[in-house]
> 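Take this structure, written in structure tokens, and hold onto it; I'll ask about it next.
Keep in mind that what you see is a predicted model, and the values were worked out from it rather than measured.
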Amino acid sequence: TSSRFLALPAGFEKMRSMRINVTNEYDKLVSITPEGMFRRDSVGKPLYFTVTSQLEFDILPQEAYEVEINYFGTPTGISPTNATNAILTANPDVYLFGALFKLFLKAVDAEQAGTYQAMFYGAIRGANKTSRDGRFGVQPSIAVDGPTP
């Protein structure tokens with residue numbers, strides 16, 4: 001970016017982190033509330049950012065930086081012009097079991113609807129667990145050197 005402002009990505013809901021690429025090394029930017037943002041009236045390397053209806057940096061960048069944004073977002077929906085999305089690609093069973101649940105609900109087949117409802121909710125739980133686990137990676141372990149009390 002070479003502006004103090006950057007548009008939010010499509011489907012943006014909540015920011016997790018932001019980094020800028022400075023000579024092939026990423027520097028983490030610090031998130032500040034809009035009220036707490038100190039806007040510097042000069043040109044330099046951004047240190048802080050805030051989120052309002054757009055992303056705002058504390059300073060006008062001295063050059064065009066590559067920005068890496070890690071955020072929570074709403075996936076694009078399935079439509080006649082968009083045949084897939086991240087959920088369908090990663091977890092097709094969520095759509096399949098959800099569709100079958102709705103189908104048997106409309107067909108007034110309570111037994112089959114109940115079966116697919118359980119499978120649908122199970123697929124959602126599995127997808128959410130995979131997503132949560134992927135956010136934090138492998139948990140660190142602690143090794144104790146020497147005797148413990």
> Using a 4.5 Å cut-off on heavy atoms from C-beta on, say whether the side chain of V30 contacts that of D58.
no
> Suppose we screen for side chain to side chain contact (heavy atoms under 4.5 Å, CB included). Which residues come up paired with S42, at least two apart in sequence or across chains?
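Checked S42 against side chain to side chain contact (heavy atoms under 4.5 Å, CB included); matches are R40, I59.
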> Quick one: which residue pairs count as a ring pair (Phe, Tyr, Trp, His ring centres under 6.0 Å) with a foot in residues 15-56, not counting sequence neighbours?
none
> Mind checking what makes side chain to side chain donor-acceptor pair (under 3.5 Å) contact with S79, not counting sequence neighbours?
T81
> Excluding sequence neighbours, so at least two apart, what forms salt bridge (Lys or Arg N to Asp or Glu O under 4.0 Å) with K45?
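For K45, the residues satisfying salt bridge (Lys or Arg N to Asp or Glu O under 4.0 Å) (neighbours in sequence not counted) are D27.
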> Which residues pass the side chain to side chain contact (heavy atoms under 4.5 Å, CB included) test with D41, not counting sequence neighbours?
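Expected list: none.
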> My understanding is that only residues two or more places apart in sequence, or in another chain, count here; which of them pass side chain to side chain contact (heavy atoms under 4.5 Å, CB included) with P80?
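With neighbours one apart ignored, the set is empty.
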> I need the D109 CG to L100 CG distance, nearest 0.5 Å.
11.5 Å
> Any chain of hydrophobic side-chain contacts (each under 4.5 Å) joining F57 to I32?
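No, F57 does not connect to I32 through the hydrophobic network.
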> To the nearest 0.5 Å, what is the distance between CG (L55) and CD1 (I69)?
5.0 Å
> Where do F104 and A113 come nearest, in terms of heavy atoms and distance?
CB-N, 3.6 Å
> Under the rule for side chain to side chain donor-acceptor pair (under 3.5 Å), what residues qualify as partners of Q112, not counting sequence neighbours?
none
> Could you work out, with ring pair (Phe, Tyr, Trp, His ring centres under 6.0 Å) as the rule, every residue matching Y121, not counting sequence neighbours?
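Scan of Y121 (ring pair (Phe, Tyr, Trp, His ring centres under 6.0 Å), adjacent residues dropped) gives none.
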> Does any part of the side chain of Q54, heavy atoms only, come nearer than 4.5 Å to the side chain of T52, both counted from C-beta?
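Yes - at least one pair of side-chain heavy atoms lies under 4.5 Å apart.
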> Tell me, please, which residues at least two apart from F120 pass ring pair (Phe, Tyr, Trp, His ring centres under 6.0 Å).
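Per chain and number, F120 pairs via ring pair (Phe, Tyr, Trp, His ring centres under 6.0 Å) with no residue.
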> Which pair of heavy atoms, one from N21 and one from N24, lies closest together, and at what distance?
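Closest approach of N21 to N24: OD1-N, 2.8 Å.
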> If hydrophobic clusters are built from ILVMFWY residues whose side chains come within less than 4.5 Å, do M15 and M37 share one?
no
> Are K28 and M18 packed together at the side-chain level, in the sense that at least one heavy-atom pair is separated by less than 4.5 angstrom?
no
> So which heavy atom on R39 is nearest to which on P34, and how close?
NH2-O, 3.6 Å
> Would a single hydrophobic cluster contain both L29 and Y65, if residues Ile, Leu, Val, Met, Phe, Trp and Tyr are joined by side-chain heavy-atom contacts under 4.5 Å?
yes
> For E13, what residues pass the side chain to side chain donor-acceptor pair (under 3.5 Å) criterion, not counting sequence neighbours?
T74
> Hydrophobic clusters here meaning ILVMFWY residues chained together by side-chain heavy-atom distances under 4.5 Å, can you tell me if I20 and F12 are in one?
yes
> State which residues pass side chain to side chain donor-acceptor pair (under 3.5 Å) with Y71; sequence neighbours excluded, sorted by chain then number.
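Residues passing side chain to side chain donor-acceptor pair (under 3.5 Å) with Y71: none at all.
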> Pairs of donor and acceptor atoms involving the side chains of residues 85-96, under 3.5 Å and at least two apart or interchain, shall be tabulated with distances.
| from | atom 1 | to | atom 2 | distance (Å) |
| --- | --- | --- | --- | --- |
| N85 | OD1 | I87 | N | 3.0 |
| N85 | OD1 | L88 | N | 2.8 |
| N85 | ND2 | T76 | O | 2.7 |
| N85 | ND2 | Y95 | OH | 3.0 |
| T89 | OG1 | T84 | OG1 | 3.2 |
| T89 | OG1 | N85 | O | 3.0 |

> Is it the case that one hydrophobic cluster holds both I124 and L103, taking links as side-chain heavy atoms less than 4.5 Å apart, direct or via other members?
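I124 and L103: one cluster.
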